[in-house]
Amino acid sequence: MINYKPLKQNFYKRDTLTVAKELLGKIIVKFEKEKILTGIIVETEAYTGNNDPASHSYPGITERNRVMFEEGGKIYVYFVYGNHFCFNIVTESKGFGSAVLIRAIEPVEGIDIMKKRRPKAKVIYELTNGPGKFCSAFGINRKYNGYDLTSGSIILTNGKTDADIIISPRIGIEKGNNLLYRFFIRDNKFVSRHKNNKYTTLLRKGI
DNA sequence: TATTCGATGTGCT
DNA sequence: GCACATCGAATAC
């Protein structure tokens, strides 16, 4: 088994849009009892502390969004639509109120476990091509809220960085639709499907 | 294949 | 009481 080296906290304590973009291609690793789950991050969304009306942090600190205001490198998990969890990575400095939502990953290790947790998935990409699906496949729930990504049972590590990326409006929100805060890897079949691709912009990663 | 819609729990007004 | 960073079944074509 590979000895994964966690990204350090200074990776997360930067501008949220930069972190959201650079998270593409990174590997998420979850250590379970005698098992390991890994996957490549292929789709993210930024939720900033800069006058972003769609961000949970927008109204200020509450019991739910408290972790968003902590220092970059923490996990923010919340429950949504009565059924699903969403996994976010807190960014920037303490008090800032910002995070990146992980919307989709490409499974690498532990696919047998993911299939057991998502028996309805007919093809591999249905295991993790959406924020709720990813959390279900990885067994992520509210107990991970507030976890430290640099020293716990979930870490990120370096992966590929040479793919093209696409920027678009965020999915499933009403407010802040004008902001191009969604990032995903071009032509990757694990990206969550959605209708409007007409506002997307193509960029080469690293610019 | 594309679009609509119901289920569901919790945070916040 | 209502909105909600979703999913998947049902419906319409």
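Here is how names work: the chains are called A, B, and so on, in the same order as the sequence lines, proteins then strands, and each is numbered from 1. Values reported hereafter were calculated over all heavy atoms of this structure, with side chains retained and with hydrogens, waters and symmetry mates removed.
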query = On DNA chain B, nearest-nucleotide positions of A:Asn65 versus A:Val80: which is more 5'?
reply = A:Val80
Which whole-number value in Å describes the distance from [X] [atom1] to [N] [atom2]?
{"X": "A:Asn141", "N": "C:dT6", "atom1": "CG", "atom2": "P", "result": "19 Å"}
{"X": "A:Phe79", "N": "B:dA7", "atom1": "CZ", "atom2": "P", "result": "16 Å"}
{"X": "A:Phe184", "N": "C:dA5", "atom1": "CZ", "atom2": "C1'", "result": "16 Å"}
{"X": "A:Ile102", "N": "C:dT6", "atom1": "CD1", "atom2": "P", "result": "14 Å"}
{"X": "A:Ile171", "N": "C:dA5", "atom1": "CD1", "atom2": "C1'", "result": "10 Å"}
{"X": "A:Lys133", "N": "C:dA9", "atom1": "NZ", "atom2": "C1'", "result": "13 Å"}
{"X": "A:Phe134", "N": "C:dC7", "atom1": "CZ", "atom2": "P", "result": "12 Å"}

remark   = Heavy-atom nearest pair, A:Asn129 first then A:Lys133, reads OD1-NZ, 2.9 Å
note = All heavy atoms of A:Ile27 vs all of A:Gly159, minimum pair found to be CG1-CA, 4.0 Å
query = Going by heavy atoms closer than 4.0 Å, what residues in residues 116-127 of chain A are next to DNA chain C?
reply = A:Arg118, A:Lys120
Counting only side-chain nitrogens and oxygens, does [X] get under 4.0 Å of the OP1 or OP2 atom of [N]?
{"X": "A:Arg182", "N": "C:dA5", "answer": "no"}
{"X": "A:Arg142", "N": "B:dG9", "answer": "no"}
{"X": "A:Lys175", "N": "C:dA3", "answer": "no"}
{"X": "A:Thr62", "N": "B:dG11", "answer": "no"}

query = Under the side chain to side chain contact (heavy atoms under 4.5 Å, CB included) test, which residues partner A:Ser153, sequence neighbours left out?
reply = A:Tyr144, A:Tyr147
Let me confirm one number: the [atom1]-[atom2] distance from [X] to [Y], rounded to the nearest 0.5 Å.
{"X": "A:Ser136", "Y": "A:Asn141", "atom1": "OG", "atom2": "CG", "answer": "10.5 Å"}
{"X": "A:Met68", "Y": "A:Asn88", "atom1": "CE", "atom2": "CG", "answer": "6.5 Å"}
{"X": "A:Lys35", "Y": "A:Glu109", "atom1": "NZ", "atom2": "CD", "answer": "11.0 Å"}
{"X": "A:Glu106", "Y": "A:Asn188", "atom1": "CD", "atom2": "CG", "answer": "5.0 Å"}
{"X": "A:Tyr47", "Y": "A:Thr16", "atom1": "OH", "atom2": "OG1", "answer": "12.5 Å"}

ask   = For A:Asp52 and A:Ser55, does a side-chain donor sit closer than 3.5 Å to a side-chain acceptor?
value = no
request  = May I ask you to say whether A:Arg117 pairs ionically with A:Glu32, meaning some side-chain N is under 4.0 Å from a carboxylate O?
outcome  = yes
message = What contact category does A:Arg64 fall into here, base, sugar-phosphate, or nothing, at under 4.0 angstrom with non-hydrogen atoms?
response = sugar-phosphate
task = Determine the contact category for A:Ile173: base if any of its heavy atoms lies under 4.0 Å from a base atom, sugar-phosphate if only primed atoms, P, OP1 or OP2 are that close, otherwise nothing.
result = sugar-phosphate
ask   = Looking at residues at least two apart in the chain, or sitting in another chain, which of them share a ring pair (Phe, Tyr, Trp, His ring centres under 6.0 Å) with A:Phe85?
value = A:Phe79
ask   = Looking at DNA chain B, which of residues 46-61 of chain A put a heavy atom within less than 4.0 Å of it?
value = none
inquiry  = If you take any heavy atom closer than 4.0 Å to DNA chain B, which residues from residues 81-99 of chain A end up in contact?
reply    = A:Tyr81, A:Gly82, A:Asn83
ask   = Is A:Asp148 close to A:Glu70 at the side-chain level, that is, under 4.5 Å between some pair of heavy atoms?
value = no
query = For A:Thr91 and A:Phe96, what are the C-alpha separation, side-chain angles and deciding distance, and is it a side-chain contact (heavy atoms from CB on, under 4.5 Å)?
reply = CA-CA 8 Å; A:Thr91 58; A:Phe96 206 75; 5.9 Å; no
query = When Watson-Crick pairs (N1 to N3 and N6-O4 or O6-N4) and G-U wobble pairs (N1-O2 and O6-N3) count only below 3.5 Å on both distances, what is the dot-bracket string of DNA chain B, with | for other-strand pairs?
reply = |||||||.||||.
Cation over ring face, A:Arg14 and A:Phe11, 6.0 Å, 45° = yes
